[in-house]
Asker: 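Below is one structure. I have some questions about it.
The first residue in the sequence is number 1, and the count goes up from there. Just so we're clear, the structure is a prediction, and the values are computed from it rather than from any experiment. What you see below is based on every heavy atom in this structure, not just the backbone, and it leaves out hydrogens, waters and symmetry mates.
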Amino acid sequence: MCTYQQIEQEIIRLSNIKKYEFKVLKIFGQTAKPSKQQLEFIEKWRTMGFTVEMLEIAYNKCVDNTNKLNYKYIDTILSNWAGKSITTPEQVTHEDEKYHTSKKNKNTNKQTSYNLDDFEKFAMNFDLEKSGKL
């Protein structure tokens, strides 16, 4: 048998879940009833402790990269953040900056298969007349 207090706590718990779902669907711009799998994702994210604000950031990243709403993509972003204990927008910004800096460094440190100084010397001393190209 359930007590009044237990029933009241269960109503509050279910109400909080529905409020979270509603806010997420509003951010996602989803007016259709969510599928069972979509609701499972939303519940997973709520259980993981992600705020609606963090879901909005993940949603924006998803749409920026795919041009559409994709629950699996958002789940990948959030799971990645959870693995790195990223829980605030400031931490997301810091992680993004770190990623872009490392990507930029990889591109600037790329080794070419030739020595530019040697190529420049060759080009400066190359004589078209001697090569038979003129």
Side-chain angles (χ1 to χ4, degrees):
M1 183 160 221
C2 293
T3 65
Y4 175 78
Q5 189 176 22
Q6 290 171 324
I7 293 171
E8 186 177 35
Q9 289 300 317
E10 182 63 9
I11 291 170
I12 291 169
R13 186 185 75 78
L14 292 173
S15 176
N16 288 336
I17 290 171
K18 287 296 178 192
K19 284 179 190 176
Y20 187 86
E21 287 173 6
F22 176 78
K23 288 177 183 178
V24 171
L25 295 174
K26 186 175 179 183
I27 288 168
F28 290 1
Q30 186 172 337
T31 55
K33 182 180 177 188
S35 70
K36 181 181 177 190
Q37 185 181 30
Q38 290 171 338
L39 289 173
E40 288 171 359
F41 275 124
I42 294 170
E43 178 58 17
K44 175 183 175 184
W45 304 331
R46 188 188 68 77
T47 303
M48 291 169 81
F50 283 107
T51 64
V52 175
E53 183 180 22
M54 291 296 286
L55 287 175
E56 185 171 12
I57 294 168
Y59 165 78
N60 287 329
K61 286 182 172 295
C62 171
V63 173
D64 287 346
N65 290 315
T66 67
N67 291 319
K68 64 182 179 179
L69 170 61
N70 183 326
Y71 276 75
K72 288 182 182 180
Y73 193 96
I74 293 170
D75 186 59
T76 300
I77 292 169
L78 295 172
S79 295
N80 182 19
W81 290 348
K84 295 178 179 180
S85 299
I86 295 173
T87 58
T88 67
E90 295 78 21
Q91 289 172 317
V92 171
T93 301
H94 178 71
E95 186 68 19
D96 286 350
E97 289 169 356
K98 220 166 69 172
Y99 172 77
H100 291 297
T101 300
S102 74
K103 193 173 179 180
K104 185 190 283 186
N105 288 341
K106 281 182 185 177
N107 289 337
T108 57
N109 292 335
K110 230 179 199 176
Q111 293 289 328
T112 57
S113 60
Y114 52 86
N115 184 317
L116 281 176
D117 291 333
D118 290 343
F119 180 77
E120 188 176 343
K121 286 177 191 174
F122 170 78
M124 296 299 283
N125 295 319
F126 186 75
D127 188 348
L128 281 173
E129 290 177 9
K130 287 183 181 178
S131 70
K133 301 287 181 189
L134 277 180

Asker: Strictly distance-based, threshold 3.5 Å: is any side-chain N or O of S15 a donor or acceptor partner for the main-chain N or O of I11?
Answerer: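 Answer holds: no.
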Asker: Does atom CD of Q5 have more than 12 heavy-atom neighbours from other groups under 6.0 Å away?
Answerer: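 Count not over threshold, so no.
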Asker: Going by heavy atoms in the side chains, are F50 and I57 under 4.5 Å from each other?
Answerer: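 SC-SC contact between F50 and I57 ruled out.
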Asker: For R13 and E10, which heavy atoms make the closest approach, and how far apart are they?
Answerer: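 For R13 versus E10, the nearest heavy atoms are NH2-OE2, 2.8 Å.
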Asker: For I42 and I17, run side chain to side chain contact (heavy atoms under 4.5 Å, CB included): C-alpha distance rounded to whole Å, both residues' side-chain angles, the deciding distance at 0.1 Å, then the answer.
Answerer: CA-CA 9 Å; I42 294 170; I17 290 171; over 6 Å; no
Asker: Check whether M48 and L39 end up in the same hydrophobic cluster, where Ile, Leu, Val, Met, Phe, Trp and Tyr are linked by side-chain heavy atoms less than 4.5 Å apart.
Answerer: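 Unlinked, M48 and L39 end up in two clusters.
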Asker: If you define the side chain from C-beta out and look only at heavy atoms, does anything of Q91 sit under 4.5 Å from S85?
Answerer: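 Not touching, per the 4.5 Å side-chain cut-off.
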Asker: Between K36 and E40, is there a side-chain heavy-atom distance shorter than 4.5 Å?
Answerer: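 With C-beta onward as the side chain, the pair touches.
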Asker: Would you call the rings of F28 and Y71 parallel, tilted or perpendicular, taking 30° and 60° as the class edges?
Answerer: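 Ring orientation of F28 relative to Y71: perpendicular.
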Asker: Could you grab the distance from atom OG1 of T47 to atom OH of Y20, nearest 0.5 Å is fine?
Answerer: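 Here the interatomic distance stands at 8.5 Å.
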Asker: For the atom pair SG (C62) and CG (N70), what is the distance rounded to the nearest 0.5 Å?
Answerer: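 Spacing of SG (C62) from CG (N70) equals 5.0 Å.
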Asker: Just how far is it from atom CD1 of I12 to atom CD1 of I7, taken to the nearest 0.5 Å?
Answerer: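 Rounded to the nearest 0.5 Å, the CD1-CD1 separation comes to 12.0 Å.
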Asker: NZ of K23 to CD of E56: how many Å apart, nearest 0.5 Å?
Answerer: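 CD of E56 is found 12.0 Å from NZ of K23.
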Asker: Got M54 and T87 here, is their nearest side-chain heavy-atom distance under 4.5 Å?
Answerer: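 M54 vs T87: side chains apart.
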Asker: Specify the closest pair of heavy atoms between E95 and K84, including all atoms of both residues, with the distance to one decimal.
Answerer: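 Between these two residues, the closest heavy atoms are OE2-NZ, 2.8 Å.
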Asker: Enter the distance from T66:OG1 to K68:NZ here, rounded to the nearest 0.5 Å.
Answerer: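 Going from OG1 on T66 over to NZ on K68, the span is 6.5 Å.
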Asker: Verify side chain to side chain contact (heavy atoms under 4.5 Å, CB included) between F41 and I74, making sure each step is shown before the conclusion.
Answerer: CA-CA 9 Å; F41 275 124; I74 293 170; over 6 Å; no
Asker: Less than 4.5 Å apart, any side-chain heavy atom of R46 and any of V24?
Answerer: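 Not touching, per the 4.5 Å side-chain cut-off.
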Asker: Any link between V63 and L25 through a network of hydrophobic side chains (Ile, Leu, Val, Met, Phe, Trp, Tyr) touching at under 4.5 Å?
Answerer: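 Result: yes, single cluster for both.
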Asker: Report yes if the side chains of V92 and K61 come closer than 4.5 Å at any heavy-atom pair, otherwise no.
Answerer: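 Heavy-atom side-chain distance check passes, below 4.5 Å.
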Asker: Under 3.5 Å, side chain of E8 to main-chain N/O of Y4, donor-acceptor pair present?
Answerer: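 No; judged by distance alone, with no hydrogens or angles, the pair does not exist.
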Asker: Once rounded to the nearest 0.5 Å, what's the spacing between atom CZ of F22 and atom CD1 of I27?
Answerer: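 CD1 of I27 is found 10.5 Å from CZ of F22.
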Asker: Would you check if W45 and D75 make a side-chain contact, meaning some heavy-atom pair closer than 4.5 Å?
Answerer: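 When only atoms from C-beta onward are counted, D75 and W45 do touch, with a gap below 4.5 Å.
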Asker: Report yes if the side chains of T88 and T51 come closer than 4.5 Å at any heavy-atom pair, otherwise no.
Answerer: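 No - every pair of side-chain heavy atoms lies 4.5 Å or more apart.
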